[in-house]
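Both backbone and side-chain heavy atoms feed into the values below; hydrogens, waters and symmetry mates do not. Here is how names work: the chains are called A, B, and so on, in the same order as the sequence lines, proteins then strands, and each is numbered from 1. These figures come from a predicted structure and were not determined experimentally.
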Amino acid sequence: RKEVEQDPGPFNVPEGATVAFNCTYSNSASQSFFWYRQDCRKEPKLLMSVYSSGNEDGRFTAQLNRASQYISLLIRDSKLSDSATYLCVVSDTISSGTYKYIFGTGTRLKVLA
Amino acid sequence: GEEVAQTPKHLVRGEGQKAKLYCAPIKGHSYVFWYQQVLKNEFKFLISFQNENVFDETGMPKERFSAKCLPNSPCSLEIQATKLEDSAVYFCASIHILNTEAFFGQGTRLTVV
């Protein structure tokens with residue numbers, strides 16, 4: 001099982017639709033969680049950090065479910081400009097004392113006019 | 001600076017040639033992480049530094065890959081004797097404190113021909 005798993009998609013949705021992505025992680029001791037957006041092989045850019053209580057930023061809502069070990073991203077009122085790959089990133093302290101940011105393979109979203 | 005600066009943007013090397021990539025993290029950030037992203041979107045962790053010290057090198061193919069972060073110089077990632085499968089985009093990420101967001105450079109696209 002991969003450490004961080006995402007449905008690769010693509011998710012093709014019409015403009016204005018609501019779409020949700022999930023990401024599961026295997027390490028119950030994972031500490032921090034992030035959603036990044038990546039456009040066309042450019043650098044990933046932070047979309048949202050994900051907090052235990054859930055958080056919202058405009059049309060975007062992120063949730064964390066520690067019991068089931070998944071995080072989610074909800075996008076409301078999709079825009080054409082939301083078309084991108086959404087990367088789930090989990091930070092882990094490894095037993096050796098080192099630290100990793102582990103990436104999911106990304107979920108591709110295409111918003112259609 | 002306020003951005004992570006990676007150079008060059010593109011690099012083409014013949015098989016067997018050396019490739020050297022550079023990354024200047026954001027001033028004041030203590031951590032640099034290097035990742036390799038190949039066509040299928042997977043981010044492979046290579047190595048991380050805490051200031052000029054290697055933090056975690058478990059992802060490095062040690063036979064041909066080496067990296068350094070020296071004081072007052074950009075960090076570097078060097079590949080001796082490149083192979084076709086080294087073709088990828090190499091991203092570095094700059095992190096202020098562990099468990100906080102990672103800021104990515106624009107990446108270096110390495111093409112080995």
Can you find a side-chain donor-acceptor pair between T58(B) and K100(A) that sits under 3.5 Å? yes
Using non-hydrogen atoms and a 4.5 Å limit, figure out which bit of Y35(B) sits close to chain A: side chain, backbone, both or neither. side chain
To the nearest 0.5 Å, what is the distance between CG on N99(B) and CG on D92(A)? 9.5 Å
Mind telling me whether F33(B) and Y99(A) have parallel, tilted or perpendicular rings, with 30° and 60° as the class edges? perpendicular
Checking Y101(A) against F45(B) for the ring pair (Phe, Tyr, Trp, His ring centres under 6.0 Å) test, could you report, in this order, the C-alpha distance in whole Å, the side-chain angles of both residues, the deciding distance, and whether it holds? CA-CA 8 Å; Y101(A) 284 83; F45(B) 168 74; 9.7 Å; no
Please answer: with hydrophobic residues joined when any side-chain heavy atoms are less than 4.5 Å apart, are W34(B) and Y31(B) in the same cluster? no
Under a 4.5 Å side-chain heavy-atom rule over Ile, Leu, Val, Met, Phe, Trp and Tyr, are L80(A) and L109(A) clustered together? yes
According to a 4.5 Å side-chain heavy-atom criterion applied to Ile, Leu, Val, Met, Phe, Trp and Tyr, with indirect links allowed, do V50(A) and I102(A) form part of one hydrophobic cluster? yes
Step-by-step side-chain contact (heavy atoms from CB on, under 4.5 Å) determination, L87(A) to F43(B): CA-CA 10 Å; L87(A) 297 160; F43(B) 277 78; 3.8 Å; yes
Among K42(A), Q31(A), R108(A), which has the most heavy-atom pairs under 4.5 Å with chain B? Q31(A)
Could you please spell out the steps behind the side-chain contact (heavy atoms from CB on, under 4.5 Å) verdict for F91(B) and E43(A)? CA-CA 7 Å; F91(B) 287 105; E43(A) 75 274 24; 3.7 Å; yes
Other residues, nucleotides and ligands only: do more than 12 of their heavy atoms fall within 6.0 Å of NZ on K18(B)? no
Distance only, no hydrogens: is a donor on one side chain within 3.5 Å (strictly under) of an acceptor on the other, for Q38(A) and Q37(B)? yes
N-O pairing of K45(A) and E101(B) below 4.0 Å: no
Answer with yes or no whether the hydrophobic clustering places L77(B) together with V54(B); edges join I, L, V, M, F, W, Y residues whose side-chain heavy atoms lie under 4.5 Å apart. yes
Using the rule that two of Ile, Leu, Val, Met, Phe, Trp, Tyr join whenever any of their side-chain heavy atoms come within less than 4.5 Å, decide whether F103(A) and F55(B) are in one cluster. yes
Please state whether the side chain, the backbone, both or neither of Y36(A) comes within less than 4.5 Å of a heavy atom of chain B. side chain
